[in-house]
Number of protein chains: 2
Amino acid sequence: MQKETLSKNQKIILDYIEKVNEPTKAYSILHNVQKKGIKAPLQVYRALDRLVEIGKIHKIESRNAFVACKNSNCQISKATAFSICESCEEVSEISDHKLSKYLKTFQEKAGMKFNKYNLEFFGLCKKCSIK
Amino acid sequence: MQKETLSKNQKIILDYIEKVNEPTKAYSILHNVQKKGIKAPLQVYRALDRLVEIGKIHKIESRNAFVACKNSNCQISKATAFSICESCEEVSEISDHKLSKYLKTFQEKAGMKFNKYNLEFFGLCKKCSIK
DNA sequence: AACACTATGTAATAATATAACATTAAATAG
DNA sequence: CTATTTAATGTTATATTATTACATAGTGTT
């Protein structure tokens, strides 16, 4: 884990992402934190980059959106897995020990020096399955 | 598998992607097929959408790039895995039977009706590891 | 021929992300 | 404590990626 102390902008952005509690896009963040003095996209993107780096948030690549990490100050920002509902766009972070262990083992066998993976499952969440 | 016959634009775009044989971005495709009469981004994006849908190509989500499917007319466009070198950006498609079986089983156990997944490993490829 | 369906053409614009440069704050080595 | 380096900030402009909207043309039915 890296540095614990966040800068002013990093705190503002993280607070917002944690508050909304669902995948949030950079420009939506920007609009919502302008009252806190964040004026430009770059201020948001810089904070996002750093927050991803230290595992406080994750990027949902297929959606260009960001969510707070649920795995208690994520040690595992380098091993992320999500399920994404294609109907309501609900995203939840998967923390399945066996899965992450399996993928870690898989990484080690392959010819590449891996240091990270991201897995996204797509489908219908329980609610949307019923409808 | 869906319809085999590709339209004119779809052929042009697929041919190009297969020719370059590495992840290629939409606007790079556009620039390179303009001599074939493709003039606008939308023509590219529409063909890309369709080609992804029928499994002829895949999108590397973390790179906003597209590659031709290597798994013989991909039956498995719904189950994709890639390794990505963070140094040279080389991407290769992983076709590991055990891995896809494991992830398929995992999907079935979870509370969601999955119908697709995408897995991206990041690290250093063999060449770049040596350097 | 009428209908549905898929694909196309074109212009405009939206949404996502970075480059470049100047400045300030924080961390740490001498 | 102050010089130096490192991280963060502020700001403007611009690059990159992707979609909306609307008109037209081809293809395959029934």
Side-chain angles (χ1 to χ4, degrees), chain A residues 1-17 20 22-67 84 86 89 91 118 120, chain B residues 1-17 20 22-67 84 86 89 91 118 120:
Chain A
M1 201 58 195
Q2 312 220 22
K3 189 168 78 163
E4 283 298 322
T5 65
L6 300 177
S7 75
K8 191 189 67 169
N9 287 1
Q10 289 159 10
K11 274 195 209 89
I12 293 171
I13 308 289
L14 179 58
D15 283 353
Y16 179 73
I17 295 174
V20 298
E22 61 181 15
T24 315
K25 294 176 161 245
Y27 276 75
S28 159
I29 295 169
L30 176 59
H31 294 136
N32 282 285
V33 297
Q34 277 180 335
K35 50 203 165 206
K36 307 240 172 186
I38 308 280
K39 286 174 192 157
L42 198 45
Q43 295 176 290
V44 174
Y45 280 104
R46 286 200 279 226
L48 289 174
D49 283 353
R50 187 82 180 102
L51 291 168
V52 165
E53 204 177 295
I54 64 179
K56 293 286 188 182
I57 65 173
H58 303 302
K59 182 170 187 181
I60 312 298
E61 293 287 356
S62 65
R63 298 296 185 264
N64 299 315
F66 300 84
V67 280
I84 302 169
E86 290 179 306
E89 292 294 321
V91 169
N118 179 56
E120 299 181 7
Chain B
M1 203 57 195
Q2 314 219 20
K3 188 167 80 159
E4 283 298 321
T5 65
L6 299 176
S7 75
K8 189 189 69 175
N9 287 0
Q10 288 158 11
K11 274 195 210 88
I12 293 171
I13 308 291
L14 178 58
D15 283 353
Y16 178 72
I17 295 174
V20 297
E22 61 181 15
T24 314
K25 293 176 163 246
Y27 276 75
S28 158
I29 295 169
L30 176 58
H31 293 138
N32 283 285
V33 296
Q34 278 182 334
K35 49 202 164 207
K36 306 241 173 184
I38 307 278
K39 286 173 192 158
L42 195 45
Q43 296 176 290
V44 175
Y45 280 105
R46 285 200 281 227
L48 289 174
D49 283 352
R50 187 84 182 100
L51 292 169
V52 166
E53 205 176 292
I54 63 179
K56 292 287 189 183
I57 65 172
H58 304 301
K59 182 172 187 180
I60 311 299
E61 294 287 355
S62 65
R63 298 297 186 261
N64 299 316
F66 300 84
V67 278
I84 302 168
E86 290 180 306
E89 292 293 322
V91 169
N118 179 55
E120 298 180 7

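The sequence lines fix the lettering, A, B, ..., with proteins before strands; numbering per chain opens at 1.
Checking D/dT19, C/dA19, C/dT16 against the side-chain heavy atoms of B/Pro41 singles out D/dT19 as nearest. Comparing D/dG10, D/dA8, C/dT8 by their nearest atom to the side chain of A/Arg50 picks out D/dA8. Across D/dA18, C/dA7, C/dT18, the shortest atom-to-atom separation from the side chain of B/Tyr45 is found for D/dA18. Among the nucleotides D/dT11, D/dT20, C/dA7, the one closest to any side-chain atom of A/Ala40 is D/dT11. Taking the side chain of A/Lys8 as heavy atoms from C-beta on, and the options D/dA18, D/dG10, D/dA8, the nearest nucleotide is D/dG10.
Whole-Å rounding puts the B/Leu42 CG to D/dT17 C1' distance at 13 Å. Rounded to whole Å, the distance from CD on A/Gln43 to P on D/dA8 is 14 Å. Rounded to an integer number of Å, the gap from B/Ile13 CD1 to D/dA18 C1' is 15 Å. Atom P of nucleotide C/dT8 and atom CG of B/Asp49 are separated by 12 Å, given to the nearest angstrom. Following rounding to the nearest Å, B/Leu6 (CG) and D/dT27 (P) show an atom-to-atom distance of 14 Å. One can place NE2 of B/His31 at 10 Å from C1' of D/dT16, the figure rounded to the nearest angstrom. C/dC21 atom P lies 14 Å from atom CZ of A/Arg46, rounded to whole Å. Whole-Å rounding puts the B/Ile38 CD1 to C/dT8 C1' distance at 9 Å.
When side chains are defined from C-beta on, A/Leu48 counts as touching A/Ile17, because their heavy atoms get closer than 4.5 Å.
Residue ring and base: B/Tyr27 does not count as stacked with D/dT16 (centre distance below 5.5 Å and interplanar angle below 30° not both satisfied).
Between A/Lys25 and D/dT17, a side-chain N or O to OP1/OP2 separation shorter than 4.0 Å is absent. Distances shown here put every side-chain N or O of A/Lys11 at or beyond 4.0 Å from the OP1 or OP2 atom of D/dT9. Phosphate contact (OP1/OP2 of D/dA7, side-chain N/O of A/Ser7, threshold under 4.0 Å): absent.
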Kindly indicate, with the supporting measurements, whether the criterion side chain to side chain donor-acceptor pair (under 3.5 Å) is fulfilled by A/Ser62 and B/Glu61. CA-CA 5 Å; A/Ser62 65; B/Glu61 294 287 355; 5.3 Å; no
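In the model, B/Asn118 has a side-chain atom that pairs as donor or acceptor with a side-chain atom of B/Glu120 under 3.5 Å.
In terms of heavy atoms, A/Ala47 sits closest to A/Ile13 at CB-CG1, 3.5 Å.
The distance from atom OG1 of B/Thr24 to atom CG of B/Asn64, rounded to the nearest 0.5 Å, is 13.0 Å.
Taking for each of B/Asn9 and B/Asn64 the nucleotide of DNA chain C with the nearest heavy atom, the 5'-most of the two is the partner of B/Asn9.
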